[in-house]
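Reviewing the structure listed below.
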Amino acid sequence: MADKTGQMLRPTQRSQELRQRALTLTPGGVHSNVRLLGPQIFLDHGKGSRLFDVDGNEYIDYLLGQGPNFLGHAPDVVLDAVDAACRRGMVFGAQHELELEAGEAVLGALGWPDMLRFGMTGTEAVQAALRAARAVTGRQKFVRFAGQYHGWLDNVLVKVDQDGTPQLASAGQLASHLDDSIMLPWNNLELVEQVLDDRAEEVAAIITEPLMLNAGSIEPAPGFLEGLRAACDRHGVALIFDEVISGFRVALGGAAERYGVTPDLATYGKAMAGGWPVAALAGKARYIEGFGTGVVNHSGTFNATVMACAAVAATVKRLTDDPPYASLDKLGTRLQAGLRDLAAERGLEMNVQGLPMAFHVGFGSGPVTDYASLQHLDLARYANFAGTLVEHGIWVTGRGIWYLSAAHTDGDIDETLERVKAAMAA
Ligand code: PMP
């Protein structure tokens, strides 16, 4: 896009050249399908709240690599810890003391779980959680909610059509996996209770994002999580919180702490390690200790590498000693209000909702309370606007989610609002 003088706002010539090369090497030019939808720009580096592309353009980042860069890009505390640790070896395929430091830090921060296992990705942690729940309950199915994402594997990669009917989301998936889960709308406790009253003997677990961040930023309705907890207790069903995004982000203890409801098992990743790839499954002893007897399998060559444990220990220590949550509440609230004001000035109907450190922006009227009501927003219009935001130096995706990091400042918010204003004018 060009400005009034015909000057390109953000020239991307080198990115385009690299993209042509990438397209010959890699399907779609990307290594994760989620990125097919992202800005097709090659990044050179990131520091703090800022990203810099290969053409020298600078962006204020509100995507944070889909969440992990909760301390900002390239945080020194994590880099220094990883650098020092990995010079003594990277992967042992055996135990090392940093595992204990990282594990104690995570369990201490979360408070409720008895034990944990580290793994590589959120996708794997979810699979381990479902397996543990099936092993303990002796039941097969799980209840889940429309619009939530639990990784890319066959049994969880399920979307819903307009009337809420589950559909496979990828060619090549095993159709039989559609029978593994019972898909319900989020925030409707009555339906969950009905399903468990009728079919609890089939249901091993309820898995939910405790705060729905993969479609809108939808908080649980008052009593919803408490109701899930009570229904699970009544029927001997495991309650799994998928805190891969919310963990360590919405509070040190994640959504479980923020909303005061304790699951049986929970998955973590992203914000737990300041950008390092690692995930965890934490749980109550009854559900997780089966991994220790060999009765339930959870394995991985790269589980709990030296780097991962150093990154987790350093990140959780930073979040514990110098918690960013109160300041994120303030900054995010200011940014949300600023976005609403800018939209109002231009007469745009804009819905901004969710927590200050993870909120959703869309065109149309809210609030959004579940996946179906999210569809009433003009999602295509926002996706288009997101492209304009990127051209104005605001790094977001078309899905509408905005994340803040501990590295964002009041100055970033001021600058962001100026850039958004220019993008709206464009
Ligand atoms: N669960 C949730 C709630 C997620 O948001 C994601 C990823 N966005 C996953 C699981 C999968 O995590 P990963 O991409 O690390 O496999």
Side-chain angles (χ1 to χ4, degrees), residues 30-38 62-70 117-133 142-159 169-170 181 183 186 205-220 225 228 239-250 254-256 258-259 263 265-283 298 300 302-305 308 311-312 315 354-355 357-360 370-371 374 396-403:
V30 299
H31 289 277
S32 166
N33 271 39
V34 172
R35 295 176 208 158
L36 288 172
L37 306 172
Y62 291 98
L63 185 59
L64 305 182
Q66 302 286 353
N69 298 298
F70 185 54
R117 272 286 176 94
F118 287 117
M120 283 295 288
T121 64
T123 296
E124 289 170 86
V126 163
Q127 294 302 317
L130 292 172
R131 181 176 286 176
F142 56 94
V143 170
R144 60 165 306 178
F145 299 96
Q148 303 206 348
Y149 178 76
H150 302 294
W152 67 278
L153 295 183
D154 280 5
N155 60 347
V156 287
L157 193 68
V158 177
K159 60 184 183 185
S170 167
S181 61
M183 180 79 79
W186 162 251
I206 295 179
I207 184 167
T208 185
E209 288 181 74
L211 156 74
M212 183 148 143
L213 287 165
N214 271 297
S217 174
I218 308 177
E219 291 199 76
L225 295 179
L228 294 184
L239 180 60
I240 303 171
F241 281 177
D242 186 346
E243 296 233 39
V244 167
I245 304 182
S246 56
F248 299 91
R249 179 186 314 277
V250 304
R258 188 138 188 155
Y259 297 110
L265 292 159
T267 54
Y268 300 91
K270 305 207 185 213
M272 183 173 67
W276 198 270
V278 56
L281 171 65
H298 166 248
F302 291 108
N303 290 358
T305 62
V312 168
T315 301
L355 297 181
M357 63 287 281
F359 60 86
H360 185 266
D370 62 8
Y371 188 63
L374 178 69
V396 289
T397 59
R399 292 200 310 149
I401 190 79
W402 288 54
Y403 296 122

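Computed over heavy atoms, backbone and side chain alike; hydrogens, waters and symmetry mates excluded. Numbers here simply count residues along the sequence, with the first being 1. Every number for a ligand or one of its atoms is a count from 1 in the order of the listing.
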Contacting atoms of ligand 1, where contact means under 4.0 angstrom from a heavy atom of His150: 1 (N), 10 (C)
When you measure from atom 15 (O) of ligand 1 to each heavy atom in Ala125, Gly122, Gly67, which option holds the nearest one? Gly122
So if I count the atoms of ligand 1 from 1 in the order they appear, which ones are less than 4.0 Å from some heavy atom of Asn214? 2 (C), 3 (C), 4 (C), 5 (O)
N/O donor-acceptor pair under 3.5 Å between Thr267 side chain and Ala125 backbone: no
OH of Tyr149 to CZ of Arg144, rounded to nearest 0.5 Å, is 10.5 Å
Can you list the atoms of ligand 1 that are under 4.0 Å from a heavy atom of Thr121? 15 (O), 16 (O)
Min heavy-atom dist Glu209 to ligand 1 below 4.0 Å: yes
Just verifying a value: how many Å separate Leu213 CG and Glu219 CD, rounded to the nearest 0.5 Å? 9.5 Å
If we number the atoms of ligand 1 from 1 as shown, the ones under 4.0 Å from a heavy atom of Ile245 are 5 (O)
Can you tell me if Lys270 has a non-hydrogen atom under 4.0 Å from ligand 1? yes
Atom 16 (O) of ligand 1 sits nearest the protein heavy atom Thr123 OG1, 2.5 Å
Main chain of Val30, side chain of Arg35: is a donor-acceptor contact present, judged purely on distance under 3.5 Å? no
